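Here is the structure we will look at.
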2 protein chains.
Amino acid sequence: MVEDLFEQACERLHNNDYKVTRQREIILYTFMANSARHLSAEDVFLLLKDQHSDIGLATVYRTLDILSELGVIHRNDFGDGKYRYEITNEDAHPHHHHLICLDCGSVAEFDDYLLESLEAQISKKNNFKVKYHNLKFYGYCQKCSEKT
Amino acid sequence: MVEDLFEQACERLHNNDYKVTRQREIILYTFMANSARHLSAEDVFLLLKDQHSDIGLATVYRTLDILSELGVIHRNDFGDGKYRYEITNEDAHPHHHHLICLDCGSVAEFDDYLLESLEAQISKKNNFKVKYHNLKFYGYCQKCSEKT
DNA sequence: CGTTAATTGAGAAAGCTTAATAATTAACCA
DNA sequence: TGGTTAATTATTAAGCTTTCTCAATTAACG
């Protein structure tokens, strides 16, 4: 199952004329090992620093671009000035959206089955071909609510 | 009505110990005169270039921060690397969300009355105090759909 | 009006991301 | 299996939006 994700990613690289390089493999494994987190480019770079200090920051950025273009990872913008990525795994963790705490910055998740019908309505009403949507709720998580 | 917006904004500045300066007035008028657009800081700066070339870019940024903090304008992030602002006018143009064309970058709008109940559900289910939400649909506008 | 603290303009600096380039390497084929 | 070729890489510099610094200016209050 986990291996499937890796194999699938390599296949996508191959099918799109990208080479399966050591650096790309390592970055892929990093996302698989941190599937619960939302990693920025620098997060990834720092995670590699000990074991793979030869991998440059620019390579991390380029790899994140390619992997998100291929849908292997998903790019999020939580409004904190940097993009954050998470591995895509529709089986174990289907399409979802985010709850962002305005106080501590923590990110929780919720699934979005409720949005499907809304998307159809919007498309029809506005003559707009929706490809994807993006929904974020900002507020205060339980911990931060209790603090005050 | 239009004057109300201006008066209201000045009042909010005053109530929050901000001064009503010439620069802030001019930037406010710029937003009122471009209520249909989503202006970036540089857009505003360029609009002022002819008549008010003495107003610096830093002042524009600072003013946008204050006005959006006070809710006079609203800050949008359409994912193109810069923030875009529009004047808030709940009477003439109630709370709404955006349809962003992946081809030409145009931004259309739709109202969001459908989201209110979803927000309540999310709050309850996740123990998360929602303050506001942000919904964007990405896809292709009618024009760009017809091109192909 | 004079005083005072906020605001301003200009330019430097920060922070994230993207090029440029010369050296390295994955992938294909003989 | 080894040679060839074009993609990929590390490093460094550069780009872009936004924020900071600071001396000079100005709005607001009495």
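The structure displayed is predicted, hence computed values, not measured ones. Labels below follow one simple rule: chain letters A, B, ... track the order of the sequence lines, proteins then strands, and each chain is numbered from 1. Every heavy atom of this structure was used, including side-chain atoms; hydrogens, water molecules and symmetry mates were not.
- With sequence neighbours left out, the salt bridge (charged side-chain N to carboxylate O under 4.0 Å, His left out) criterion links A/Arg62 to no other residue.
- In this view, A/Phe137 and A/Phe110, B/His133 satisfy the ring-ring contact (aromatic ring centres under 6.0 Å, His included) rule, not counting sequence neighbours.
- Per the geometry, CG belonging to A/Asn16 stands 14 Å off P belonging to D/dA7, to the nearest Å.
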Output one line per pair: protein atom, nucleotide atom from nucleotides 16-20 of chain D, and distance, for all N/O pairs under 3.5 Å.
from: D/dT17; atom 1: OP1; to: B/Lys82; atom 2: NZ; distance (Å): 3.3
from: D/dT18; atom 1: OP1; to: B/Tyr83; atom 2: N; distance (Å): 2.9
from: D/dT18; atom 1: OP2; to: B/Tyr61; atom 2: OH; distance (Å): 2.7

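- Applying the salt bridge (charged side-chain N to carboxylate O under 4.0 Å, His left out) test to A/Asp77 and every residue at least two apart in sequence or in another chain returns nothing.
- One side chain, B/Glu109 or B/His93, offers a donor N or O that lies under 3.5 Å from an acceptor on the other.
- Taking a heavy-atom distance under 4.0 Å as the criterion, the stretch of DNA chain C touched by chain A extends 5' to 3' from C/dC16 to C/dC28.
- Checked by atom type and distance alone, the side chain of A/Thr59 never pairs as donor or acceptor with a backbone atom of A/Ile55 at under 3.5 Å.
- For the ring-ring contact (aromatic ring centres under 6.0 Å, His included) test, residues two or more places apart in sequence or in another chain that qualify with B/Phe78 are B/His38, B/His98.
- The distance from atom CG of B/Asp54 to atom P of D/dA24 is 19 Å, rounded to the nearest whole Å.
- A search for salt bridge (charged side-chain N to carboxylate O under 4.0 Å, His left out) contacts involving B/Asp111 returns nothing, not counting sequence neighbours.
- The side chain to side chain donor-acceptor pair (under 3.5 Å) test applied to B/Asp54 returns B/Arg22, not counting sequence neighbours.
- In this structure A/Asp103 satisfies the side chain to side chain donor-acceptor pair (under 3.5 Å) test with no other residue, sequence neighbours excluded.
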Restricting to nitrogen or oxygen on both sides, can you table the protein-nucleotides 27-30 of chain D pairs closer than 3.5 Å?
from: D/dA27; atom 1: N3; to: B/Lys19; atom 2: NZ; distance (Å): 3.0
from: D/dA28; atom 1: OP1; to: B/Val20; atom 2: N; distance (Å): 3.0
from: D/dC29; atom 1: OP1; to: B/His14; atom 2: NE2; distance (Å): 3.3

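- For the helix from C/dC1-D/dG30 to C/dA30-D/dT1, the axis fitted to the five pairs at one end and the axis fitted to the five pairs at the other end meet at an angle of 40° (nearest 10 degrees).
- Taking the salt bridge (charged side-chain N to carboxylate O under 4.0 Å, His left out) definition, one finds that A/Arg24 meets it with nothing, sequence neighbours left out.
- Counting to the nearest Å, the P atom of D/dT25 and the CD1 atom of B/Ile55 are 17 Å from each other.
- A/Tyr18 and A/Glu69 share a donor-acceptor pair across their side chains, judged by distance under 3.5 Å alone.
- For the pair A/Arg75 (side chain) and A/Ser68 (backbone), a donor-acceptor distance under 3.5 Å is absent.
- In this pair, A/His95 and A/His97 present their aromatic rings perpendicular. The plane angle is above 60°, beyond the 30 to 60° band.
- In this structure, NZ of A/Lys49 is placed 15 Å from P of D/dA10, rounded to the nearest angstrom.
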